[in-house]
Structures are given as C-alpha cells and as structure tokens.
Amino acid sequence: KNEVEQSPQNLTAQEGEFITINCSYSVGISALHWLQQHPGGGIVSLFMLSSGKKKHGRLIATINIQEKHSSLHITASHPRDSAVYICAVSPDTGNQFYFGTGTSLTVIP
Amino acid sequence: DVKVTQSSRYLVKRTGEKVFLECVQDMDHENMFWYRQDPGLGLRLIYFSYDVKMKEKGDIPEGYSVSREKKERFSLILESASTNQTSMYLCASSFEGGVCNSPLHFGNGTRLTVT
C-alpha cells in the first residue's frame, strides 16, 4: 500500500513550458515536503507546507488538505530543472516520513 | 547552511564483509535517519535516531544496525553484506519539533555495490 502517490512518473518538457507534478496521499498529515534530487544523488528540500501555497523563485507548491493533494509547479522551465522531484508527508501520528517514488523531469533546450 | 556529510560516495564490498557507512551533520540536529533508495521503490527508512544513543527501527532494518554515540554522527552498519544490499544509501537530519515536523537535510548519498 502506497501512502503517497505521484504523477506522472516521467515527464519531458520543452524549455519554457509550465510544468505541474501532482502528489496524492492517503494519511492525515502535519506537513508535506517537496524534495529535488539531481543526478548523482544529493537531495534538497524545496518546500515544507501544511496549508495554502508557497513560492520560491519559479517554483510554486500548493496543498489542499481536504482533498489530500498537493501540486508542484515550475514556471518557465529550464534544462537545469531536470531532476527527480519527490513528494513526502509527515503523518500526524507516528514518526516516519512517507515518500512517493518520484517524478523524473527532463527539460529539453 | 546545513551540511550533512557521508563518508564515501562510492563503495564496493564483498559478500560477507562488515560495512560501515558514516554520516556527520554540523547543525546540532537531534534527528538523524538512514534510508536506502532503489529504482521504483523510492526512499525506504532503515533506522532513525532522535537522540544520542537512541535508535528506532524503520521499515527495513533486517541486516542492518546503527550507532549514535555522538549527536553529530550516525553510523549505519551492514553486519554481513549481501548482494541484495546493493543500493544507494542516504543519510538525513532534521531539528526536533516532532520527528517529522521540520525539513529534512540530506547527504549526497553512498552508492554501495556488494559483489
């Protein structure tokens, strides 16, 4: 049973396109995290949010707690955005994160 | 900036060897985690620690142990390496405030191959 589902699994876009990655979860949460992993392994935390919307540069994350759904948007995509984007949730009970399997994004110049 | 440092980027070991993976963080974080990452399976928690000398099993602790003698260091030990432990291993840390209620900071990962 996957507590966190992401879609799509793979995404190819042309430079400049607007990109949306979706995350649905099935447990009650205290926070949702968006992570970015570039080839080579290192993972960077992009956002942690529990309601509404957060923006950082060209990245926007939204969450709808009632619908148990979050989206990560990238505006004016660039080849350097090519990475795997991972959704993770902090459940409101217990002490483990649940992770999605990631969305592999390739932005073509 | 938080720095989480894993001792090796690439490691090749033989079946049956005892393997130590070291992780050090420099931000006085209480919580530290060891994950393994495999294609199609995402990140799976092996062990985590919320304080010195404290440890808790994650989803897949079999074949692994951990040690946290100092706050900044969390070691993962493969008691007798097997080929099914070939994987990417990622260490992470976070502040207190509920184990899951602060951002995770990851190391660059150790790609372990067991032959």
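The structure presented is a predicted model; accordingly, all values stated were derived computationally and were not measured. Because only heavy atoms are used, hydrogens play no part in the values below, and waters and symmetry mates are left out as well, while side chains stay in.
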Among B:Leu41, B:Leu90, B:Leu43, who wins on heavy-atom pairs under 4.5 Å with chain A?
-> B:Leu43

Write out all pairs satisfying side chain to side chain donor-acceptor pair (under 3.5 Å) with one or both partners inside residues 59-68 of chain A, taking only residues at least two apart or from two chains.
-> none

Is A:Val84 reachable from A:Leu35 through a run of hydrophobic residues whose side-chain heavy atoms are each under 4.5 Å from the next?
-> yes

Do B:Ile46 and B:Phe48 share a hydrophobic cluster (ILVMFWY, side-chain heavy atoms under 4.5 Å, transitive)?
-> no

Is the CD atom of A:Glu15 crowded by more than 12 outside heavy atoms at less than 6.0 Å?
-> yes

Sorted by number, residues from residues 106-115 of chain B in contact with chain A (heavy atoms, under 4.5 Å) | B:Phe106, B:Gly107, B:Asn108

With only heavy atoms counted, which part of B:Gln37 is less than 4.5 Å from chain A, the side chain, the backbone, both or neither?
-> side chain

Check whether B:Ile60 and B:Val19 end up in the same hydrophobic cluster, where Ile, Leu, Val, Met, Phe, Trp and Tyr are linked by side-chain heavy atoms less than 4.5 Å apart.
-> yes

Atom OH of A:Tyr98 and atom CZ of B:Arg44: how far apart are they, to the nearest 0.5 Å?
-> 15.0 Å

For chain B, which residues from residues 100-109 of chain A lie under 4.5 Å away (heavy-atom distances)?
-> A:Gly100, A:Thr101

Measure the spacing between CD1 of A:Ile43 and NE2 of B:His105 and express it to the nearest 0.5 Å.
-> 13.0 Å

side-chain contact (heavy atoms from CB on, under 4.5 Å) against B:Glu79, all qualifying residues, sequence neighbours excluded = B:Lys18, B:Ser65, B:Ile77

Please check if A:Ile60 and A:Leu32 belong to a single hydrophobic cluster, counting links between Ile, Leu, Val, Met, Phe, Trp and Tyr side chain heavy atoms closer than 4.5 Å.
-> no

Interface moiety of A:Gln37 toward chain B, non-hydrogen atoms closer than 4.5 Å | side chain

Pairwise side-chain contact, B:Leu45 with A:Phe97, heavy-atom cut-off 4.5 Å (strictly under) = no

When hydrophobic residues are tied together by side-chain contacts of less than 4.5 Å, even through go-betweens, does B:Val24 share a cluster with B:Val4?
-> no

